[in-house]
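A short worksheet on the structure shown next.
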2 protein chains.
Amino acid sequence: MNIGDVSKRAGLPAKTIRYYEDIGLITPARDTNGYRSFCDSDVHKLTFLGRARTLGFTIENCRDLLALWDNQDRASADVRAIAQQHLAQIESKIADLQDIRHTLTHLVHECAGDDRPDCPILQRLEEL
Amino acid sequence: MNIGDVSKRAGLPAKTIRYYEDIGLITPARDTNGYRSFCDSDVHKLTFLGRARTLGFTIENCRDLLALWDNQDRASADVRAIAQQHLAQIESKIADLQDIRHTLTHLVHECAGDDRPDCPILQRLEEL
DNA sequence: CTTGACCCTCCAGTGACTGGAAGTCCTATC
DNA sequence: GATAGGACTTCCAGTCACTGGAGGGTCAAG
């Protein structure tokens, strides 16, 4: 299977797939003409990667998850640890953004938003 | 005032301050020895920038906000528009992350997290 | 006169791609 | 057989907002 088909099947841009090969996440075979020749397992891995990335796992997380996925002797605790740590990061990021949202909402509400120059947003950015 | 003092006062790393000069956000004077010589207005601007960046405004937003801040004839509506647009982006990012959190929480709860290989997290990343 | 803290510039790297140039290969049509 | 187009290849550069480090100049204290 060529990269274009795989791209459609896995839902990843061809560029991204080449990049994943570059950094060693996949190692597709090559045809005599130099074209990458993907097998089902490659497509499977790429789909897996796409899902994991959608959930915000870093590439290094993905590398670890793929290794565990490949390893039949894995302990599910190892997978869970990665997911749990990632979850904690997501939660802290949400909290940060919620703080920011709070402040911004406040500022936007306070500002008249007309053609006069007086603006509490700018004032608060000075004083905050 | 030298960059070290400004760094403390504005709460920004010296590296960042040099970078902000590089990209034209500030233009501090120079002493005869080549050292940057910051005036109060520079420090004021840098503090403003620090605040805006903390709230997640992009550098280009900051550039616009600084210009409005400098411009006594500004309309507060222009400032508000920038803040409002940014707020919308923050809110959409929060929503995305909350979706991810939802899924991840689910997965983590389902996984036994013991020394057996069976792992619903990996399964779901295949199927999802 | 030396030590150590501070300052300077310039280059490279981060993460995870993405865009584009320049060239090869395959397939279909005339 | 020529040609047009699309798909594929590699390689280089750019994104965003810094950050780290090398290699060197400057300054104040002892």
Side-chain angles (χ1 to χ4, degrees), chain A residues 1-38 42-43 45-46 48-66 82 85-86 89-90 93 96-97 100, chain B residues 1-39 42-43 45-46 48-66 85-86 89-90 93 96-97 100:
Chain A
M1 211 184 319
N2 282 349
I3 201 166
D5 301 314
V6 178
S7 168
K8 274 170 218 146
R9 285 220 213 170
L12 292 171
K15 278 264 179 193
T16 301
I17 296 172
R18 291 196 196 97
Y19 172 69
Y20 286 172
E21 184 188 10
D22 258 16
I23 62 174
L25 288 179
I26 50 165
T27 46
R30 294 284 178 146
D31 280 342
T32 46
N33 60 11
Y35 285 20
R36 289 169 184 80
S37 173
F38 296 85
D42 291 325
V43 179
K45 269 191 193 178
L46 285 168
F48 181 94
L49 285 169
R51 306 264 145 87
R53 291 285 305 126
T54 301
L55 289 180
F57 285 100
T58 65
I59 290 286
E60 286 318 302
N61 279 156
C62 289
R63 201 186 294 280
D64 295 343
L65 287 172
L66 259 190
I82 295 175
Q85 197 197 353
H86 180 47
Q89 283 167 4
I90 298 282
K93 204 174 277 177
D96 289 350
L97 287 177
I100 291 175
Chain B
M1 211 181 324
N2 282 350
I3 202 168
D5 301 315
V6 177
S7 170
K8 274 171 218 147
R9 284 218 214 174
L12 292 170
K15 277 265 180 191
T16 302
I17 296 172
R18 290 195 196 97
Y19 172 69
Y20 286 172
E21 183 186 10
D22 258 16
I23 63 172
L25 288 179
I26 50 164
T27 47
R30 294 285 177 145
D31 280 342
T32 45
N33 59 10
Y35 285 21
R36 287 169 186 80
S37 173
F38 296 85
C39 64
D42 291 325
V43 179
K45 269 190 192 177
L46 285 168
F48 180 94
L49 286 169
R51 307 264 143 88
R53 291 287 302 127
T54 300
L55 289 179
F57 285 101
T58 66
I59 289 287
E60 286 319 301
N61 279 156
C62 288
R63 201 187 292 282
D64 295 343
L65 287 172
L66 259 190
Q85 196 197 355
H86 180 46
Q89 283 167 3
I90 298 283
K93 204 173 277 178
D96 289 350
L97 287 176
I100 291 174

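Note on naming: letters A, B, ... go to the chains in the order of the sequence lines (proteins, then strands), and numbering restarts at 1 for each one. This is a predicted model, so every value here is computed, not measured.
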Under 3.5 Å, side-chain donor or acceptor atoms of residues 6-26 of chain B against the rest of the protein: list the pairs with distances, not counting sequence neighbours.
unit_1	atom_1	unit_2	atom_2	d
S7(B)	OG	L12(B)	O	2.7
E21(B)	OE1	R30(B)	NH2	3.3
E21(B)	OE1	R36(B)	NE	2.4
E21(B)	OE1	R36(B)	NH2	3.2
E21(B)	OE2	R30(B)	NH2	3.3

Of the candidate nucleotides [options], which contains the atom at the shortest distance from the side chain of [X]?
X	options	value
R53(B)	dT9(D), dC18(D), dT18(C)	dC18(D)
I3(A)	dC17(C), dT19(D), dT9(D)	dT9(D)
Y19(A)	dT10(D), dC18(D), dC17(C)	dC17(C)
P13(B)	dC8(D), dC8(C), dT19(D)	dT19(D)
T16(B)	dT10(D), dC17(C), dC18(D)	dC18(D)

Figure out the [atom1]/[atom2] separation between [X] and [N], and round it to whole Å.
X	N	atom1	atom2	value
I59(B)	dC18(D)	CD1	C1'	9 Å
D5(B)	dA5(C)	CG	P	16 Å
D22(A)	dT10(D)	CG	P	8 Å
I23(A)	dG13(C)	CD1	C1'	16 Å
L49(B)	dA17(D)	CG	C1'	13 Å
D31(B)	dA28(D)	CG	P	11 Å
E21(A)	dC11(D)	CD	P	12 Å
N61(A)	dG15(C)	CG	P	12 Å

When you look at CD of Q85(B), are more than 12 heavy atoms from neighbouring residues, nucleotides or ligands closer to it than 6.0 Å?
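Incorrect, the count does not exceed 12.
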Using a cut-off of strictly less than 4.0 Å, decide whether [X] has a side-chain nitrogen or oxygen near OP1 or OP2 of [N].
X	N	answer
R18(B)	dC6(C)	no
R36(A)	dT9(D)	yes
R30(B)	dT9(C)	yes
Y20(B)	dA17(D)	no

Provide the closest heavy-atom pair for I3(A) versus F38(A) in the form atom of the first, atom of the second, distance.
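Heavy atoms only, the tightest pair is CA-CE1, 3.6 Å.
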Closest contact, heavy atoms only, C62(A) versus A52(A)
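The answer is SG-CB, 3.7 Å.
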Contacts under 3.5 Å, N or O only, protein and nucleotides 21-27 of chain C:
unit_1	atom_1	unit_2	atom_2	d
dC26(C)	OP1	N33(A)	ND2	3.2

Using atom types as modelled and distance alone, determine if a side-chain donor or acceptor of H86(B) lies under 3.5 Å from a backbone N or O of N61(B).
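Side chain of H86(B) to backbone of N61(B), a donor-acceptor pair under 3.5 Å: no, none is there.
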D42(B) side chain to C39(B) main-chain N or O, any donor-acceptor pair under 3.5 Å?
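Indeed, once roles are kept as given, a pair shorter than 3.5 Å links the two residues.
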